A.B. asks: 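Could you have a look at this structure, given as structure tokens, before my questions?
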Amino acid sequence: MAAKIPRKTAAEAGVGSRLSDLAYKRVFEIMFERKLPAGAFVSQAELVELTGVPLGPLRDALRVLEAEGILTIHPRTGIQFVKPGLELTRSTYELRGIIETSAVGVFAETAPDSQIDGLIQRHKDACLRVEEEGLTDHVRQEIEDLELLLHSAIVGSLHNPLVDTIYSRIHNYLRMLRLDRRMTTPLALRSLREHLAVLDACRARNASAAVAAIQTHFGAALQRNLGLY
């Protein structure tokens, strides 16, 4: 009689799932920390060491990342990370636009005045700091924080956990796309002012103007990420 293969308990399955989620997160972290350059080719053993996650859960995460187009698994040889190109950039912004075009109208109609006013003031302060200080490390971090804060607030207005999960992954793709992008003072100011145009429309409770402003922002951001200006 064939031996029965023991099934994982719910607790064991839960631990495995949490570890694969952790592996997924850490793969992106080591990319953002530039421990893995774009196009890197590494072994699974190297990734185990870099992420600190056991091989089983890491393999689960790698399969997800391969399905998302972040890497390619070569059997018996290793894992190759993609160099972000035109297709991934366009796909990321297309999906982002679909979600936020719907969400910004809701944000414009429902967000508290205090939230919008706070975002407007922080953006104005950031513009002033960019003009006076240039792109110091602190200013760059503030710009990154505002990028996440504004767009997360817009998406959060939908109160949809599935959309939140998808958008958190989109944010990872965006950070990856920007790793080799050269940011300059004019480009930083342009992006901040595009944000302000969105926020001004939201403050006026003009949903259609907010949609138009965010579409303009995404069109310009796509061009910047493609290095066209």
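Nothing fancy with the numbering, it's 1 onward along the sequence. Because the structure is predicted, anything quoted here is derived from the model rather than measured.
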A.B. asks: CG/L58 to CG/L62 distance, rounded to the nearest 0.5 angstrom?
C.D. replies: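 So the gap between those two atoms works out to 4.0 Å.
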A.B. asks: Side-chain contact, heavy-atom cut-off 4.5 Å: I154 with I214?
C.D. replies: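 They are in contact (side-chain heavy atoms under 4.5 Å apart), so the answer is yes.
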A.B. asks: Measure the CG-NE2 distance between L146 and H123 for me, rounded to the nearest 0.5 Å.
C.D. replies: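 Answer rounded to 0.5 Å: 4.5 Å.
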A.B. asks: For the residue pair H151 / R96, report whether a side-chain donor-acceptor contact shorter than 3.5 Å exists.
C.D. replies: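 R96 vs H151: donor-acceptor pair found between side chains.
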A.B. asks: Measure across A207 and A108 and return the closest heavy-atom pair with its distance rounded to 0.1 Å.
C.D. replies: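 Shortest heavy-atom contact: CA-CB, 4.0 Å.
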A.B. asks: Apply the test side-chain contact (heavy atoms from CB on, under 4.5 Å) to residues R175 and M31: give CA-CA distance (whole Å), side-chain angles for both, the deciding distance (0.1 Å), then the verdict.
C.D. replies: CA-CA 9 Å; R175 288 189 65 188; M31 292 172 65; over 6 Å; no
A.B. asks: Below 4.5 Å, heavy atoms only, C-beta onward: do E68 and L65 meet side chain to side chain?
C.D. replies: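 Yes, side chains in contact.
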A.B. asks: Looking only at heavy atoms, what is the nearest atom pair of S20 and A61, with distance?
C.D. replies: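 Looking at all heavy atoms of both residues, the shortest contact is O-CB, 3.4 Å.
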A.B. asks: If you round to the nearest 0.5 Å, how far is CG of L192 from NZ of K124?
C.D. replies: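 Those atoms lie 13.0 Å apart.
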A.B. asks: Would you name the heavy atoms of L189 and C127 that are closest together and state the gap between them?
C.D. replies: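 Scanning both residues, the minimum pair turns out to be CD2-O, 3.7 Å.
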A.B. asks: Going by atom types alone, do D117 and Q121 pair a side-chain donor with an acceptor below 3.5 Å?
C.D. replies: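 Distance-only check fails for D117 and Q121.
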A.B. asks: I'd like to know whether L149 forms a side-chain contact (heavy atoms from CB on, under 4.5 Å) with R122, so could you lay out the CA-CA distance, the side-chain angles of the two residues, the decisive distance to 0.1 Å, and finally the verdict.
C.D. replies: CA-CA 11 Å; L149 189 63; R122 280 190 65 175; 3.5 Å; yes
A.B. asks: Tell me, do I79 and H74 make a side-chain contact under 4.5 Å, heavy atoms counted?
C.D. replies: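 Counting from C-beta outward, I79 and H74 never come under 4.5 Å.
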A.B. asks: Find out whether L174 and Y93 are in side-chain contact, i.e. whether some heavy atom of one side chain is under 4.5 Å from a heavy atom of the other.
C.D. replies: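 Yes. Closest side-chain heavy atoms under 4.5 Å.
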A.B. asks: So, for H171 and F28, is the gap between ring centers shorter than 6.0 Å?
C.D. replies: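 No, the ring of H171 stays outside the 6.0 Å limit from the ring of F28, centre to centre.
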A.B. asks: Under 4.5 Å between side-chain heavy atoms, hopping through other hydrophobics if needed: is there a path connecting F41 to M176?
C.D. replies: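 No, no single cluster joins them.
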A.B. asks: When rounded to the nearest 0.5 angstrom, what is the spacing between CZ in F81 and CG in L36?
C.D. replies: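 One finds 5.0 Å between CZ of F81 and CG of L36.
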A.B. asks: Find out if a path of hydrophobic residues (ILVMFWY) with successive side-chain heavy-atom gaps under 4.5 Å connects L199 to V106.
C.D. replies: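 Yes; V106 is reachable from L199 via cluster members.
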A.B. asks: Among the clusters formed by ILVMFWY side chains lying less than 4.5 Å apart, do L86 and L95 turn up in the same one?
C.D. replies: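 As far as the 4.5 Å side-chain criterion goes, L95 and L86 are connected within one cluster.
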A.B. asks: Would you compute the distance between atom CG of N206 and atom CD of E109 and round it to the nearest 0.5 angstrom?
C.D. replies: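 Here the rounded value is 9.5 Å.
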A.B. asks: Check K35 with E49, please: is the shortest side-chain N to carboxylate O separation under 4.0 Å?
C.D. replies: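 A salt bridge is absent here (no side-chain N lies under 4.0 Å from a carboxylate O).
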A.B. asks: Please tell me whether D145 and Q141 have a donor and an acceptor in their side chains that are separated by less than 3.5 angstrom.
C.D. replies: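 There is such a pair (donor and acceptor under 3.5 Å, judged by atom type) between the side chains of D145 and Q141.
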A.B. asks: Would you indicate whether H138, at its atom NE2, is surrounded by more than 12 heavy atoms from other residues, nucleotides or ligands within a distance under 6.0 Å?
C.D. replies: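 Count not over threshold, so no.
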A.B. asks: Please find the pair of heavy atoms, one from G105 and one from V211, that lie closest to each other, and give the distance.
C.D. replies: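 Result for this residue pair: N-CG2, 4.4 Å.
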A.B. asks: Do S191 side-chain atoms and A188 backbone N/O form a donor-acceptor pair below 3.5 Å?
C.D. replies: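 It does not hold such a pair.
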A.B. asks: When rounded to the nearest 0.5 angstrom, what distance separates OG1 in T72 from CD in Q80?
C.D. replies: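 Going from the OG1 atom of T72 to the CD atom of Q80 covers 6.5 Å.
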A.B. asks: May I ask you to check if R169 and Y24 form a cation-pi contact, with NZ or CZ under 6.0 angstrom from the six-membered ring centre and within 45° of the axis?
C.D. replies: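 Satisfied, under 6.0 Å and within 45°.
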A.B. asks: Write down the atom of A220, the atom of E194, and the distance for their closest heavy-atom approach.
C.D. replies: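 So the two residues come closest at CB-OE2, 3.3 Å.
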A.B. asks: Can you tell me if E33 has over 12 outside heavy atoms packed within less than 6.0 Å of its CD?
C.D. replies: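 Check passes, neighbour count above 12.
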A.B. asks: Considering non-hydrogen atoms only, spot the tightest contact between S43 and E46 and give its length.
C.D. replies: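 Where S43 meets E46 most closely, the heavy atoms are N-OE1, 2.7 Å.
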A.B. asks: Between D113 and R205, does the salt bridge (Lys or Arg N to Asp or Glu O under 4.0 Å) criterion hold? Intermediate values first, please.
C.D. replies: CA-CA 10 Å; D113 290 346; R205 302 302 180 184; 2.5 Å; yes
A.B. asks: Is there a path of hydrophobic side-chain contacts, each under 4.5 Å between heavy atoms of I/L/V/M/F/W/Y residues, joining I70 to L50?
C.D. replies: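 Yes: a chain of side-chain contacts under 4.5 Å links L50 to I70.
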A.B. asks: With a 4.5 Å limit on heavy-atom distance, are the side chains of L47 and I30 in contact?
C.D. replies: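 Yes, at least one pair of side-chain atoms sits under 4.5 Å.
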A.B. asks: Do L148 and I170 belong to the same hydrophobic cluster, where Ile, Leu, Val, Met, Phe, Trp and Tyr are linked whenever their side-chain heavy atoms lie under 4.5 Å apart, directly or via other members?
C.D. replies: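 No; tracing contacts between hydrophobic side chains, which count when under 4.5 Å, never links both residues.
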A.B. asks: I would like to know whether Y167 and E100 meet side-chain contact (heavy atoms from CB on, under 4.5 Å); could you show each step before the answer?
C.D. replies: CA-CA 10 Å; Y167 200 82; E100 290 201 51; 2.3 Å; yes
A.B. asks: Is S168 close to D164 at the side-chain level, that is, under 4.5 Å between some pair of heavy atoms?
C.D. replies: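 D164 vs S168: side chains apart.
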A.B. asks: Between I143 and V130, does the side-chain contact (heavy atoms from CB on, under 4.5 Å) criterion hold? Intermediate values first, please.
C.D. replies: CA-CA 9 Å; I143 293 171; V130 171; 4.0 Å; yes
A.B. asks: Over 60° means perpendicular and under 30° means parallel, so classify the ring planes of H195 and H217, tilted if in between.
C.D. replies: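 Perpendicular, since the angle between the ring planes exceeds 60°.
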A.B. asks: Less than 4.0 Å between a side-chain N and a carboxylate O, is that true for D60 and R63?
C.D. replies: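 Yes, charged N to carboxylate O under 4.0 Å.
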